[in-house]
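Here the structure is a predicted model, which means the values were calculated and not measured.
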Amino acid sequence: MQTSGGGSTLSESEIVEAALRVVREDGVEKLSMRRLSRELGVSPMAPYYYVADKRELLDLVATAALTGVRTSPPDSAPWQRRLRDLIDQIDEKLRKHPGLGDVLIEQMLGKQLDLITAIMEILFDAGFTDRDVLAAYATIHTYLFGRSRVNPRDSAALSDVALPDVVARAAEYLPDLRGKYSYNFGMEVLVAGLEAQLVHRPDADVR
């Protein structure tokens, strides 16, 4: 443990907890080394004794935020239920840390290798080929971490736009995009699509 410029000491866990508080309160886009130092009550340079830059800080935050996700043994349940249980747990973590998905969408096959491994093991157990396991994981990854990017933060802005009737009817439910209904709908479609791929998978690779 090192001493900051103000004479106080910090631990990596204190820095990560402070960063998680910022993410929970303001979203990941507001997390910066300067904002972190204010949260900790230390000099702006103090966090640099423990993390090199914001990228390293985000890696630590993502790892800490996903701590505690449990995986099921292969013979405990059908692969569909095991996959859904695992993804549901990750989704709960994301809901507690707004904007975390934006960090994780860039980390495919980079960080959180234990969770990636757990998802891929379920897919292998289900009978997917090596190639299809990667494609299936990429689909899951994009949905789980990237779906917030198609979710308008300011739906009130749409009130100034003349929308076609079919779009206007659907747009009434924009708040659902951040809720359980939309998440469950997407997960049911995703799992059903994976099941269909196992049944109708072509014999030859499609390029």
Side-chain angles (χ1 to χ4, degrees), residues 16-17 19-21 23-25 27-29 31 58-153 155 170 173-201 206:
V16 170
E17 280 302 314
L20 286 172
R21 286 196 299 272
V23 171
R24 282 193 294 267
E25 293 169 7
V28 73
E29 65 275 5
L31 180 61
L58 289 174
D59 287 345
L60 291 173
V61 166
T63 299
L66 293 174
T67 297
V69 173
R70 305 175 311 279
T71 59
S72 302
D75 57 353
S76 64
W79 70 267
Q80 296 93 329
R81 189 183 306 169
R82 292 167 54 213
L83 182 64
R84 181 64 192 266
D85 177 67
L86 181 55
I87 296 175
D88 283 352
Q89 291 182 68
I90 298 172
D91 180 70
E92 284 299 320
K93 300 287 187 179
L94 295 179
R95 291 177 187 278
K96 293 178 182 178
H97 303 93
L100 187 61
D102 287 341
V103 177
L104 295 169
I105 195 68
E106 301 172 3
Q107 294 186 332
M108 182 177 176
L109 300 182
K111 303 295 181 179
Q112 288 75 52
L113 280 175
D114 54 338
L115 294 181
I116 294 172
T117 299
I119 293 173
M120 287 190 171
E121 284 178 344
I122 294 172
L123 295 169
F124 275 119
D125 290 344
F128 288 98
T129 65
D130 294 5
R131 190 180 195 185
D132 285 350
V133 162
L134 182 61
Y137 174 77
T139 302
I140 293 167
H141 185 102
T142 303
Y143 175 71
L144 186 57
F145 302 127
R147 69 183 188 282
S148 63
R149 295 189 175 187
V150 297
N151 189 343
R153 290 182 179 274
S155 57
Y173 299 96
L174 279 175
D176 282 353
L177 290 179
R178 290 193 181 276
K180 282 290 189 179
Y181 180 87
S182 181
Y183 168 76
N184 287 331
F185 183 93
M187 282 304 304
E188 289 169 8
V189 170
L190 193 153
V191 172
L194 291 175
E195 291 175 330
Q197 283 297 310
L198 279 178
V199 174
H200 301 297
R201 185 173 61 235
V206 177

Output yes when a side-chain donor or acceptor of [X] lies under 3.5 Å from a complementary backbone atom of [Y], and no otherwise.
{"X": "Q89", "Y": "R70", "answer": "yes"}
{"X": "K93", "Y": "A62", "answer": "no"}
{"X": "T139", "Y": "A135", "answer": "yes"}
{"X": "S76", "Y": "P73", "answer": "yes"}

Suppose we screen for side chain to side chain donor-acceptor pair (under 3.5 Å). Which residues come up paired with [X], at least two apart in sequence or across chains?
{"X": "K96", "value": "none"}
{"X": "E121", "value": "none"}
{"X": "E188", "value": "none"}

With sequence neighbours excluded, what pairs up with [X] under the salt bridge (charged side-chain N to carboxylate O under 4.0 Å, His left out) test?
{"X": "R95", "result": "D91"}
{"X": "D85", "result": "none"}
{"X": "E195", "result": "none"}
{"X": "D176", "result": "none"}

Please enumerate all residues that pass side-chain contact (heavy atoms from CB on, under 4.5 Å) together with [X], with sequence neighbours excluded.
{"X": "Y143", "result": "R147, Y183, M187, L190"}
{"X": "A77", "result": "R81, R82"}
{"X": "R21", "result": "E17, A18, R24, E25, E39"}
{"X": "V16", "result": "E12, L20, L60, A64"}

| task | State, with a plain yes or no, whether a side-chain heavy atom of L83 is found less than 4.5 Å away from one of L194. | result |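 The answer is yes; the side chains approach within 4.5 Å.
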| query | Do the non-hydrogen side-chain atoms of L177 and L174 ever get within less than 4.5 Å of each other? | reply |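 With C-beta onward as the side chain, the pair touches.
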Rounded at 0.5 Å granularity, tell me how far [atom1] in [X] sits from [atom2] in [Y].
{"X": "I87", "Y": "I140", "atom1": "CD1", "atom2": "CD1", "answer": "4.5 Å"}
{"X": "L66", "Y": "I90", "atom1": "CG", "atom2": "CD1", "answer": "6.5 Å"}
{"X": "L123", "Y": "I119", "atom1": "CG", "atom2": "CD1", "answer": "7.5 Å"}

| query | Just one of I116, T142, I122 clears the side chain to side chain contact (heavy atoms under 4.5 Å, CB included) bar with Y137, so which one? | reply |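 In the set I116, T142, I122, the residue that makes a side chain to side chain contact (heavy atoms under 4.5 Å, CB included) with Y137 is I116.
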| said: Test of understanding: with ring-ring contact (aromatic ring centres under 6.0 Å, His included), list the residues that count as partners of F145, not counting sequence neighbours. | reply: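 Once residues adjacent in sequence are excluded, the partners of F145 under the ring-ring contact (aromatic ring centres under 6.0 Å, His included) criterion are H141.
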Least distance between heavy atoms, [X] atom then [Y] atom:
{"X": "G127", "Y": "L198", "answer": "C-CD2, 3.8 Å"}
{"X": "V191", "Y": "W79", "answer": "O-CH2, 4.4 Å"}
{"X": "T67", "Y": "T63", "answer": "OG1-O, 3.0 Å"}

